[in-house]
Amino acid sequence: MLRLERPFFSRATLQVARELLGQRLVRLEAGRRLAGYIVETEAYVGEDDLGCHAKAGRTPRTLPMYGQPGLVYVYFTYGMHWMLNFVTERVDFPAAVLIRAIFPSEGIAAFARRRAPRPRSLWADGPAKICQALAIDGQMNKIDACDPQSLLFVEEGLKIPDSGVTIGPRVGLYSVPEPWKSIPWRFCVNNLPMVLRQQCTISAKPAPDGGDLSPSRS
DNA sequence: AGCACGATTAACT
DNA sequence: GTTAATCGTGCTC
């Protein structure tokens, strides 16, 4: 249960995005722990990255990305969805890692309450689904994930070897110009270790659909 | 003040 | 594969 501290986030965004794979995202809600292993991330790096919100410079919306590493950046999009990011690098340099998918591991009942009756493999396999499942919205914007009091943070989880990671272009950047549209700043875990699946199956009440958790889009 | 668009999802043909 | 839902943000007039 070792919480990731500020030095973890105070590094190159690509490295943070890669190393967040396999770590545990934890949300405390009414004294309960909801958690899942991070299996997909994307890096958004600086004002020059035209796929990054910070291309607009310092605005009310992008301000959190200019803050200290370890801050949470939550934003609203498509009129209905929230997205979760962790700020990286250093103060005054706008960069963050988008959490795109997790594998639910604790607080399954709470996940189910918000995501059932969908198949379990669809509970948190998208950035907006994670926020729905973990009750994350704009109220969590700008909180510090490295504050011991924080209700949202990351814990040390599993080591994912390079052989278990697929790297590719970021998703959903339709009108972003090259090279930003295709630059391979997305990191995915290919498939979870068997240990994890068993653990997850046991803790689940209804029969899970057992499918593998590879991120859907590619 | 008005506009185009979005780091998506779910439902549909 | 296609499309509606739905509204904050940043930009232009």
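Every chain is numbered from 1, with letters handed out A, B, ... down the list of sequences.
Whole-Å rounding puts the Met83(A) CE to dC5(B) C1' distance at 14 Å. Rounded to an integer number of Å, the gap from His53(A) NE2 to dT9(C) C1' is 9 Å. Rounded to an integer number of Å, the gap from NZ of Lys55(A) to P of dC5(B) is 12 Å. Atoms CG (Leu63(A)) and P (dT9(C)) sit 12 Å apart, rounded to a whole Å. Going from atom CG of Asn85(A) over to atom P of dT8(B) covers 11 Å, rounded to whole Å. Rounded to an integer number of Å, the gap from Tyr174(A) OH to dT9(B) P is 10 Å. Regarding Leu173(A), its CG atom lies at a distance of 7 Å from the P atom of dA7(B), rounded to whole Å. Between Asp125(A) atom CG and dT8(B) atom C1' the separation is 12 Å, expressed in whole Å.
Side-chain atoms of Tyr66(A) and Glu47(A) form a donor-acceptor pair, as typed in the model, at a separation below 3.5 Å.
Among the protein residues, Leu98(A) comes within range of the nucleic acid bases, having at least one heavy atom under 4.0 Å from a base atom. Within 4.0 Å of Arg115(A), counting heavy atoms only, lie sugar-phosphate atoms of the nucleic acid but no base atom. If you check every strand for non-hydrogen atoms under 4.0 Å, Arg170(A) touches nothing. Looking at heavy-atom distances under 4.0 Å, Gly172(A) makes contact with sugar-phosphate atoms alone, never a base.
Separation of the Phe9(A) and Phe86(A) ring centroids falls under the 6.0 Å cut-off.
The side-chain tip of Arg18(A) does not point at the ring of Phe187(A) from less than 6.0 angstrom away and within 45° of straight on. A cation-pi geometry, defined here as NZ or CZ lying under 6.0 Å from the six-membered ring centre and within 45° of its normal, holds between Arg170(A) and Tyr44(A).
Paired with Arg11(A) under the rule salt bridge (charged side-chain N to carboxylate O under 4.0 Å, His left out), one option of Glu19(A), Glu89(A), Glu5(A) passes, and it is Glu19(A). Looking at Arg27(A), Arg3(A), Arg33(A) one by one, the single match for salt bridge (charged side-chain N to carboxylate O under 4.0 Å, His left out) with Glu155(A) turns out to be Arg33(A). Of the candidates Leu25(A), Leu28(A), Val26(A), Leu152(A) forms a side chain to side chain contact (heavy atoms under 4.5 Å, CB included) with just one, namely Leu25(A).
Under the 3.5 Å distance criterion, the side-chain polar atoms of Glu42(A) are matched with a main-chain donor or acceptor of Val171(A). Within the 3.5 Å criterion, the main-chain N or O of Arg114(A) finds a donor-acceptor partner in the side chain of Gln132(A).
The Tyr44(A) side chain lies nearest to dA7(B) when the options are dT9(B), dA7(B), dG10(C).
Within the 4.0 Å cut-off from OP1 or OP2 of dT9(B), not a single side-chain nitrogen or oxygen of Arg118(A) is found. For Lys129(A), a side-chain nitrogen or oxygen approaches OP1 or OP2 of dA10(B) to under 4.0 Å.
With a cut-off of 3.5 Å on both pairing distances, the Watson-Crick and G-U wobble pairs of DNA chain C assemble into stems of 3 or more at B:1-6 with C:7-12, B:8-12 with C:1-5.
Annotation: side chain of Val72(A) is not in contact with side chain of Asp144(A) (no heavy-atom distance under 4.5 Å).
Residues of residues 73-82 of chain A that place a heavy atom closer than 4.0 Å to DNA chain C, in numerical order, are Phe76(A), Tyr78(A), Gly79(A), Met80(A).
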